[in-house]
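Each remark here refers to the structure printed beneath this line.
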Amino acid sequence: MDLVSKEIFWLDELSKEYNDMVGKKCANLGELVKIGLRVPYGFALSVKAYETFMEETGLKEKVAQIVEKEISAGLDVDKEIDRMIGLSARIREAIEAADMPPGMAGHIAKYYSELQKNTGIPDVPCAVRSSGAVSMPGQMETYLNIKGESEIINHVKKVWASAFTTSAIVFR
């Protein structure tokens, strides 16, 4: 499989060359693993996974329509915070309500199962957080101690949705 189209990586597969695919945080964790430092065993979803999710669920178009509707109605990002909050809420609700595409859900479940097996911890708690190709410090949400494949998948969507918090939208 060509690396650009790969959607999930084990941390020990990563290095700084993967910055654009999984973000600097995850790529740097791979670097730490490679030099022998202790890093919790884990996996990272790539930017491609997010893009696949947005495409397969139709959310790419839906989010564009939501934003276009506000822009065409004259949204002033600098002055209309209430409308920005509403815009953020509509986008986030749409992302969080979408079903994870079955193929992607299966891949995430497979990696989580393997993580449990390799750590020897049933329902191993995970951190679900952003590590995008573009740095947005403090703008996206992090969830700790998430257990179970359905909760992992649910929180992945929450993290992706947090790219559209009011502050993240204004930051961009």
Side-chain angles (χ1 to χ4, degrees), residues 1-57 59-60 63 88 91-92 95-96 98-172:
M1 173 183 281
D2 128 45
L3 287 180
V4 175
S5 65
K6 189 169 178 181
E7 294 179 343
I8 306 177
F9 294 87
W10 291 107
L11 293 180
D12 61 7
E13 293 180 279
L14 301 174
S15 62
K16 63 185 175 189
E17 289 78 25
Y18 292 76
N19 283 350
D20 292 342
M21 285 183 254
V22 296
K24 268 189 155 177
K25 293 173 202 150
C26 288
N28 285 336
L29 287 172
E31 289 287 335
L32 295 175
V33 170
K34 287 185 180 354
I35 63 171
L37 295 177
R38 292 182 62 187
V39 174
Y41 195 68
F43 59 91
L45 278 70
S46 68
V47 172
K48 176 67 178 158
Y50 169 77
E51 291 168 349
T52 298
F53 171 77
M54 294 297 283
E55 289 280 341
E56 289 188 13
T57 59
L59 283 164
K60 182 177 178 181
V63 168
S88 169
I91 294 170
R92 293 182 75 183
I95 293 170
E96 291 180 28
D99 289 330
M100 186 69 73
M104 184 177 293
H107 280 84
I108 294 170
K110 178 180 166 234
Y111 272 77
Y112 184 67
S113 177
E114 190 72 20
L115 179 65
Q116 291 175 92
K117 180 180 160 199
N118 289 337
T119 61
I121 303 170
D123 284 329
V124 61
C126 294
V128 182
R129 62 175 326 225
S130 71
S131 181
V134 176
S135 179
M136 292 175 45
Q139 300 304 312
M140 295 177 70
E141 293 169 1
T142 295
Y143 299 94
L144 304 175
N145 297 312
I146 306 305
K147 300 177 185 180
E149 68 184 50
S150 65
E151 283 302 304
I152 297 291
I153 291 167
N154 183 46
H155 283 81
V156 165
K157 292 189 305 179
K158 286 178 173 289
V159 168
W160 286 341
S162 75
F164 296 96
T165 61
T166 306
S167 61
I169 293 170
V170 172
F171 181 85
R172 284 194 296 276

My understanding is that only residues two or more places apart in sequence, or in another chain, count here; which of them pass side chain to side chain donor-acceptor pair (under 3.5 Å) with [X]?
X    : value
S15  : E17
T52  : E7
Q116 : none
E56  : none

Roughly how far, to the nearest 0.5 Å, is the [atom2] atom of [Y] from the [atom1] atom of [X]?
X    : Y    : atom1 : atom2 : value
K6   : M21  : NZ    : CE    : 10.0 Å
K25  : S130 : NZ    : OG    : 4.0 Å
S46  : Y18  : OG    : OH    : 11.5 Å
L59  : M54  : CG    : CE    : 5.0 Å
L144 : I146 : CG    : CD1   : 7.5 Å
K34  : E13  : NZ    : CD    : 8.0 Å

Who pairs with R92 by salt bridge (charged side-chain N to carboxylate O under 4.0 Å, His left out), at least two apart in sequence or on another chain?
-> E141
Going by the rule side chain to side chain contact (heavy atoms under 4.5 Å, CB included), which residues pair with [X] if we only count those two or more places apart in sequence or in a different chain?
X    : result
I8   : F43, L45, H107, I108, Y111
L32  : L29, I35, L37, V39
T119 : Y41, L115, I121, V124

Is there a donor-acceptor pair closer than 3.5 Å between any side-chain N or O of S113 and the backbone N or O of A109?
-> no
Would you find a donor on one side and an acceptor on the other, under 3.5 Å apart, between the side chain of N154 and the backbone of S150?
->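 Not a single qualifying donor-acceptor pair exists.
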Shortest non-hydrogen contact from [X] toward [Y]:
X    : Y    : result
A27  : N19  : CB-OD1, 3.0 Å
P40  : L11  : O-CD1, 3.6 Å
I152 : C126 : CD1-CB, 3.7 Å
G42  : W10  : O-CE3, 3.3 Å
C26  : L14  : O-CD1, 3.6 Å

Within residues 144-154 or reaching into it, pairs that qualify as salt bridge (Lys or Arg N to Asp or Glu O under 4.0 Å) - sequence neighbours excluded = none
Determine which pairs satisfy salt bridge (Lys or Arg N to Asp or Glu O under 4.0 Å) with at least one residue from residues 102-116, sequence neighbours left out, and list them in order.
->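 Not a single pair qualifies under salt bridge (Lys or Arg N to Asp or Glu O under 4.0 Å).
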Check the pair E55, K60 against salt bridge (Lys or Arg N to Asp or Glu O under 4.0 Å), reporting the backbone distance first and the verdict last.
-> CA-CA 6 Å; E55 289 280 341; K60 182 177 178 181; 3.1 Å; yes
Only counting residues at least two apart or in another chain, list the ones meeting ring-ring contact (aromatic ring centres under 6.0 Å, His included) with Y50.
->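 Testing Y50 for ring-ring contact (aromatic ring centres under 6.0 Å, His included), a comparison that skips the adjacent residues, returns W160.
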List for me each residue that meets ring-ring contact (aromatic ring centres under 6.0 Å, His included) alongside Y143, sequence neighbours excluded, and say none if there are none.
-> H155
Report the C-alpha separation of T57 and D99 in whole Å, then their side-chain angles, then the decisive distance to 0.1 Å, and conclude whether the side-chain contact (heavy atoms from CB on, under 4.5 Å) test is met.
-> CA-CA 7 Å; T57 59; D99 289 330; over 6 Å; no
